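Because only heavy atoms are used, hydrogens play no part in the values below, and waters and symmetry mates are left out as well, while side chains stay in. Atoms within each ligand, like the ligands themselves, are counted from 1 in listed order. In this text the structure is predicted, and so the values were computed from the model without any measurement.
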Amino acid sequence: MKALLYLNSYFLKYKWSMLLGILITIAAKIFSLFTPKLIGNLVDVISRFLSSDRSDLVQFKTDLFLNISLLIGSALLAGVFTFFMRQTIINVSRYVEFDLKNEIYEQYQRLSLSFYKSNRTGDLMSRISEDVGKVRMYVGPAIMYTMNMVTLFIIAFINMYREAPSLTLYVIIPLPLLSLSIYYLSRQINSRSTEVQQHLSTLSAFTQEAFSGIAILKSFAIEPLSNREFQSLADTQRKKQLDLTKVQALFFPMMLLLIGFSNILVLYIGGRQYMDGTIKEFGTIVEFLVYVNMLTWPVATLGWVTSIVQEAEASQQRINDFLLIKPEIQNPSLDPFVVKGSIQFENVSFTYPDTNIKAINNLSFSLSAGETLAIIGKTGSGKSSILDLISRLYNPDSGTIYIDQQDISKVNLKDLRRQIGYVTQDAFLFSDSIKNNIRFGRLEASDEEIIESAKVADLHDNITSFSKGYDTLLGERGVTLSGGQKQRMSIARSIVKNPIMKY
Ligand SMILES: Nc1ncnc2c1ncn2[C@@H]1O[C@H](COP(=O)(O)OP(=O)(O)O)[C@@H](O)[C@H]1O
Ligand SMILES: [Mg+2]
């Protein structure tokens, strides 16, 4: 349960709603627990009347009316409170889910590139969706059902014990059994449904890749291969799904079996005790039947809740693993840093940590402000890596990089990056308008500045030839830019960024 302690700050944040929810849960249970007692009373009223000389019809009707009204009244109140129980506790769990997602996303934004290299996108996604979802089950339903169970059990047990102590002990014997078997069943269901989920993401990753690469698939005429692979993936999916269905199908029969067993115990042992006089009123047996049926579901949920908590613990552990990572690249200073432009490399070496490829080996050069340097080399010789190091997307393993005689690992990182215009080889385009894709360079840029930068990047004429001009959508549901257009877009972004700082 250690990992789940992380959530305590959230419980503290929502403590009043949580407390209110718990009180409402208790109230809801108290009212619903009037039902067995009142039904027992009703049966007693009827059986007493039937075994009497049936003369006092008025009294009989009054008693009947009173008990039925109370029954309806308490059921209504129990219903109202049950409604608010969900409205409070489940709402809190949704707020916590929201907060946690934001916290994880912010952490993702902070973490350095090397983090993304060593973790798969699918894992990042599942932390923020599936794992948070499982944690929410702990914050909401698990706590709600536990409160439910505890209140119900305590009150029902006291009521039953006062009524018929030995019968009570007999009928609660099957309950732990029920709880235990539901626990094992839930674990099976959870582990199998995790497998279904995991395989489903493999399947969707495959499909997504096939769609994005459809042009390549078709031009190499390998659709049949793609079909076969999909079929085999889908086939595995079907098998896993059927495995899951098999255990799910056991859930209700098992519950019914154990409930039936408890009912028989009540009838058999209760009946005998009624005959030998241990139980005075026939209504007690009916009352017990209602109790037993009321108790089985919450007792079953105890097993279910235990497995929810275990899952949540594992999920929160995985989330914590990410949340507690310190970004490798930190901003060391908040002092403003204004760049004039001289760059100096001093014995810089750099190896990509994930691939162990040494991209830069003991590189030194020096460049004054205003000078231009062209670097020529074979593919993969480390040219782009130099630029990544200058904007501190990575830290060098050894050596120092200076800008204006200042070690860049010691200056304000935000200012440093703000003053670098970097035209990347492959421009990533977001699914948004052309205008907003260029504005990416500087969010507050005006439309005129955007057009101006597109003109400088020689992209303006291309854009105006689209019917929607600068509002043309790019990406998934929009226009696809050519390779050359993409690179110009990248240039336009850097121009609009205008990375010379003004103070
Ligand atoms: N993000 C990365 N992770 C791991 N290895 C990389 C990464 N980027 C580049 N490399 C490797 O580093 C070497 C230098 O790459 P790069 O600087 O992009 O070369 P160039 O730009 O000169 O073609 C290559 O062997 C490449 O495989
Ligand atoms: Mg390159």
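Using a distance-only test at 3.5 Å, with no hydrogens or angles considered, no donor-acceptor pair links the side chain of Arg136 to the main chain of Val96. Between the side chain of Ser179 and the backbone N or O of Val299, at least one donor-acceptor pair lies under 3.5 Å. Put simply, the side chain of Lys383 gets close to the backbone of Gly377: a donor and an acceptor are under 3.5 Å apart. Distance alone, capped at 3.5 Å, is enough to place a donor-acceptor pair between the Gln419 side chain and the Val339 backbone. Listed for the Thr25 side chain is no donor-acceptor partner under 3.5 Å among the backbone atoms of Met147.
A salt bridge does not link Lys239 to Asp243: none of the charged side-chain nitrogens sits closer than 4.0 Å to a carboxylate oxygen. With salt bridges taken as basic N to acidic carboxylate O contacts below 4.0 Å, one links Glu97 and Arg94. Between Asp131 and Lys134, no side-chain nitrogen of the basic residue sits less than 4.0 Å from a carboxylate oxygen of the acidic one, so the salt-bridge criterion is not met. Using a 4.0 Å cut-off between charged side-chain N and carboxylate O, Arg418 and Asp415 make a salt bridge.
At the top of the distance list for atom 18 (O) of ligand 1, counting protein heavy atoms only, stands Ser384 CB, 3.6 Å. Annotation: atom 13 (C) of ligand 1 to nearest protein heavy atom, Gly380 O, 3.7 Å. In this structure, atom 22 (O) of ligand 1 lies nearest to the protein heavy atom Lys383 N, 2.7 Å. In terms of protein heavy atoms, atom 12 (O) of ligand 1 is closest to Tyr352 CE1, 3.2 Å.
Annotation: Ala359 places no N or O atom under 3.5 Å from an N or O atom of ligand 1; distance criterion only. Backbone and side-chain nitrogen or oxygen atoms of Ile357 are examined, and none is located within less than 3.5 angstrom of a nitrogen or oxygen of ligand 1.
Not a single N, O or S atom of Thr379, from either the backbone or the side chain, sits less than 2.8 Å from the Mg ion (ligand 2).
With a heavy-atom cut-off of 4.0 Å, Tyr116 does not touch ligand 1 at all. With a 4.0 Å heavy-atom cut-off, ligand 1 is reached by the side chain of Asp354 but not by its N, CA, C or O.
The closest approach between a heavy atom of Gly382 and any atom of ligand 1 is below 4.0 Å.
The contact set between ligand 1 and Tyr394, taken as ligand atoms under 4.0 Å from a residue heavy atom, comprises 1 (N). Close approach of ligand 1 to Ser385 (heavy-atom distance below 4.0 Å) involves ligand atoms 14 (C), 15 (O), 16 (P), 17 (O). Close contacts of ligand 1 with Lys117, meaning ligand atoms under 4.0 Å from a residue heavy atom, involve 1 (N). Under a 4.0 Å criterion applied to the non-hydrogen atoms of Thr379, ligand 1 contributes the atoms 23 (O).
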